[in-house]
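Structure, as structure tokens:
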Amino acid sequence: QTWTTGAAGGNLTVSGAVNNGGFLLSTNPSTNAARLITLSGAISGSGGLTVGGLGNTTLSGASANTYTGTTTINSGILNLSKTGGVTAIAGNIVIGDGSGTDILRATTAANQISSTSQLTFTAGGTAVGFNMTNVNQTVGSISGTGTTANITLGTGNLTVGGDNLSTTYAGTILSTG
């Protein structure tokens with residue numbers, strides 16, 4: 001299933017629960033960076049989520065997402081805006097497809113990613129990053145060989161090791177705190 005907004009069209013908000021039925025759910029908020037797709041209900045199932053397009057996709061609401069497939073950010077920005085401590089992403093995360101801007105942003109509330117999720121950055125791209133400015137987050141592991149990857153902490157804390165894997169990360173970690 002793919003949800004798309006057109007370049008000249010409006011934004012899309014899905015406020016009900018979504019069961020992906022084991023299939024991949026894709027969002028494509030257009031070729032217009034101003035377009036938004038917001039999923040505020042709980043997403044469940046064994047399938048994953050792929051974010052594409054130039055716009056923003058937002059996972060929000062007070063109910064936890066329990067889908068267990070991989071979340072992949074191939075272009076654009078995925079915003080995590082769930083209530084603090086409510087899981088937005090339960091599975092592993094891949095950021096980047098080797099080109100363009102690919103960003104995961106969790107700046108509104110702490111601990112929206114499962115503490116066992118593997119965070120993988122692909123090589124290449126102009127901006128491949130995880131922006132968690134001023135919130136705390138625990139993840140299972142961080143890996144990536146690309147030097148263009150960056151993690152922005154601000155005054156937040158990132159705790160790594162919840163999955164007990166040994167990984168290598170070649171990118172940059174930026175902190176002001």
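For the atom pair Asn65 CG and Leu39 CG, the distance stands at 8.0 Å (nearest 0.5 Å). Atom CG of Leu80 is separated from atom OG of Ser60 by 10.5 Å, given to the nearest 0.5 angstrom. One finds the CD1 atom of Ile173 at 4.5 Å from the CD1 atom of Ile151 (value rounded to the nearest 0.5 Å). Atom CG of Leu104 is separated from atom CD1 of Ile89 by 5.0 Å, given to the nearest 0.5 angstrom. Atom OG of Ser63 sits about 11.5 Å away from atom CD1 of Ile43, to the nearest 0.5 Å. Separation of atoms OH (Tyr169) and OG1 (Thr120) is listed at 11.5 Å; rounding is to 0.5 Å.
Side-chain atoms of Ser15 do not come within 3.5 Å of backbone N or O of Ser40 as any donor-acceptor pair. Of the possible polar contacts, none joining the Asn74 side chain to the Gly52 backbone as a donor-acceptor pair under 3.5 Å is found. In this structure, Asp102 contributes its side chain and Ile95 its backbone to no donor-acceptor pair below 3.5 Å. Checked by atom type and distance alone, the side chain of Lys82 never pairs as donor or acceptor with a backbone atom of Ala62 at under 3.5 Å.
For Asp163, the side-chain contact (heavy atoms from CB on, under 4.5 Å) partners are Gln118, Ser141, Leu165, not counting sequence neighbours. Applying the side-chain contact (heavy atoms from CB on, under 4.5 Å) criterion to Thr172, with sequence neighbours excluded, gives Asn150, Leu174. Under the ring-ring contact (aromatic ring centres under 6.0 Å, His included) criterion, Phe130 pairs with no residue at all, not counting sequence neighbours.
Cluster annotation: Ile37 is connected to Leu49 through the hydrophobic network of ILVMFWY side chains, with a link wherever side-chain heavy atoms come within less than 4.5 Å. A continuous path of hydrophobic side-chain contacts links Leu153 to Leu119 [ILVMFWY only; heavy atoms under 4.5 Å]. Cluster annotation: Met132 is not connected to Ile103 through the hydrophobic network of ILVMFWY side chains, with a link wherever side-chain heavy atoms come within less than 4.5 Å. Linking ILVMFWY side-chain heavy atoms closer than 4.5 Å, directly or via other members, places Leu25 and Tyr67 in a single hydrophobic cluster. Residues Leu12 and Ile73 share a single hydrophobic cluster, defined by chaining ILVMFWY side chains whose heavy atoms lie under 4.5 Å apart.
Looking at Leu59 and Leu78, their side chains come closer than 4.5 Å, going by heavy atoms from C-beta outward. Within the 4.5 Å cutoff, the side chain of Leu24 has heavy atoms near those of the Thr50 side chain. Residues Val139 and Leu158 are in side-chain contact: their nearest non-hydrogen atoms beyond the backbone lie under 4.5 Å apart.
With side-chain heavy atoms closer than 4.5 Å counting as contact, directly or through intermediates, Val94 stands alone and belongs to no larger hydrophobic cluster. Side-chain heavy-atom separations under 4.5 angstrom define the hydrophobic clusters, and Val86 shares its cluster with no other residue.
When only modelled atom types and interatomic distance are considered, Asn131 and Thr133 share a side-chain donor-acceptor pair under 3.5 Å.
When each of Asn56, Val14, Thr13 is checked for a side-chain contact (heavy atoms from CB on, under 4.5 Å) with Thr38, only Thr13 meets the rule.
Residue pairs meeting the side chain to side chain donor-acceptor pair (under 3.5 Å) criterion with at least one partner in residues 105-114, sequence neighbours excluded, are Asn79-Arg105, Ser114-Thr116.
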